[in-house]
Amino acid sequence: MELVDLSVPIETGMPVYPGDPEVSVGPALTVARDGVNVLGLHLGSQSGTHVDAPFHIDDSLPTLDELPLSRFCGPAVLVDVRGLAPRSPIGAAPFQDVTAPIVLLATGWSAYWETDAYQAHPYLTEEAAALLVERGVRTVGIDALSVDPTPAEDFPAHRVLCGAHAVIAENLTGLDRLLDAQARGRPIEVSLFPIPLPGADGAPVRAVARVG
């Protein structure tokens, strides 16, 4: 059994979605002054590797704490969509045979983390999101800033997935290691448990894959 960390570190000045709160991490208390070390954190609910609850795009949909814990863990299938051009749509074709409850989209875009190119990621089309929902998928992750384009005036993939009470995980990393494991026939389970924020639209997660 192998554990693979799929999370980016929470650091001052890290990339955030345009308009989201900037991230700041620094000492609030120190051993020298206060007898203990305590970090002060300022960040948004969508910072770093995180999950979106349906409430993220509609006040009438479930908040983070209203979702079953089963949405945040389970067997996963990797879908390899690497090699696409910047801002390319990801259509329904790669998902025709998907059956797992959790689907992770490996775009390869995590390689551009902390560069200007990170915002030019491929994105999921509305038709692809609808097919995933139709096939029973209720957790979708991507190694990019969003399942929709960045920036965007509309969020069709979010609307479809969140409308089905699905969970979206964004800013994953390390999916290439899971692709290699999957190609060798090794089973993959993923944990995406968020910080328990009542009434929240989402929260950072420590995303971890367990490779059998």
If every non-hydrogen atom of [X] is compared with every non-hydrogen atom of [Y], which pair is closest and at what distance?
{"X": "P122", "Y": "A85", "value": "CG-O, 4.2 Å"}
{"X": "A53", "Y": "A200", "value": "CB-O, 4.0 Å"}
{"X": "P9", "Y": "M14", "value": "O-CE, 3.3 Å"}
{"X": "E66", "Y": "T63", "value": "OE1-N, 2.8 Å"}
{"X": "D148", "Y": "Y123", "value": "C-CB, 3.6 Å"}
{"X": "A92", "Y": "T125", "value": "N-OG1, 4.4 Å"}

So how far is it from [X] [atom1] to [Y] [atom2], rounded to the nearest 0.5 Å?
{"X": "E11", "Y": "S47", "atom1": "CD", "atom2": "OG", "answer": "12.5 Å"}
{"X": "E134", "Y": "F95", "atom1": "CD", "atom2": "CZ", "answer": "13.5 Å"}
{"X": "H121", "Y": "I90", "atom1": "NE2", "atom2": "CD1", "answer": "9.5 Å"}
{"X": "F55", "Y": "C162", "atom1": "CZ", "atom2": "SG", "answer": "11.5 Å"}

Would you mind reporting whether [Y] and [X] have side-chain heavy atoms less than 4.5 Å apart?
{"X": "L105", "Y": "L124", "result": "yes"}
{"X": "T139", "Y": "P101", "result": "no"}
{"X": "V23", "Y": "T12", "result": "no"}

If we ignore hydrogens and angles and just use 3.5 Å, is the side chain of [X] paired with the main-chain N or O of [Y] as donor and acceptor?
{"X": "R138", "Y": "V133", "result": "yes"}
{"X": "H56", "Y": "P54", "result": "no"}
{"X": "S146", "Y": "P149", "result": "no"}

Under 4.5 Å between side-chain heavy atoms, chaining through other members, with only Ile, Leu, Val, Met, Phe, Trp and Tyr counted: pull out the rest of the cluster around [X], sorted by chain and number.
{"X": "L197", "result": "I195"}
{"X": "V167", "result": "V4, L6, V51, L64, L67, L69, F72, L78, I102, L104, L172, L175, L178, L179, I188, V190, L192, F193, V205, V211"}
{"X": "L3", "result": "M1, V208"}
{"X": "L61", "result": "I57"}

Those residues that, when tested against P198, pass side chain to side chain contact (heavy atoms under 4.5 Å, CB included) (two or more places apart) =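 Listed in chain order: D65.
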request  = Please name all residues satisfying side chain to side chain contact (heavy atoms under 4.5 Å, CB included) with P21, sequence neighbours left out, ordered by chain then number.
outcome  = H42
For the hydrophobic clusters of this structure (ILVMFWY residues joined by side-chain heavy atoms under 4.5 Å, transitively), does one cluster hold both [X] and [Y]?
{"X": "L43", "Y": "V8", "answer": "yes"}
{"X": "L84", "Y": "W109", "answer": "no"}
{"X": "V98", "Y": "L161", "answer": "yes"}

inquiry  = Run the salt bridge (charged side-chain N to carboxylate O under 4.0 Å, His left out) test against E2 and tell me which residues pass, sequence neighbours left out.
reply    = R177, R186
query = Partners of D154 by salt bridge (charged side-chain N to carboxylate O under 4.0 Å, His left out), sequence neighbours excluded?
reply =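 Residues passing salt bridge (charged side-chain N to carboxylate O under 4.0 Å, His left out) with D154: R159.
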message = Under the side chain to side chain contact (heavy atoms under 4.5 Å, CB included) test against E170, which residue among V140, I142, L145 passes?
response =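 It is I142; the other options fail the test.
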query = Is the F155 ring parallel, tilted or perpendicular to the H158 ring (thresholds 30°, 60°)?
reply =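 Correct class here is perpendicular.
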message = Show me the pairs that pass side chain to side chain donor-acceptor pair (under 3.5 Å) and involve residues 190-211, at least two apart or across chains.
response = D5-R206, S45-D201, Q46-D201
task = Can you run down the side chain to side chain donor-acceptor pair (under 3.5 Å) pairs that involve residues 80-108, sequence neighbours left out, and say none if there aren't any?
result = D80-R82, T107-D143
Test side chain to side chain donor-acceptor pair (under 3.5 Å) applied to Y118 - qualifying residues, sequence neighbours left out = N171
Could you tabulate the donor-acceptor pairs under 3.5 Å formed by side-chain atoms of residues 31-39, not counting sequence neighbours?
| from | atom 1 | to | atom 2 | distance (Å) |
| --- | --- | --- | --- | --- |
| R33 | NH2 | A28 | O | 2.8 |
| D34 | OD2 | T30 | N | 2.9 |
| N37 | OD1 | V31 | N | 3.1 |

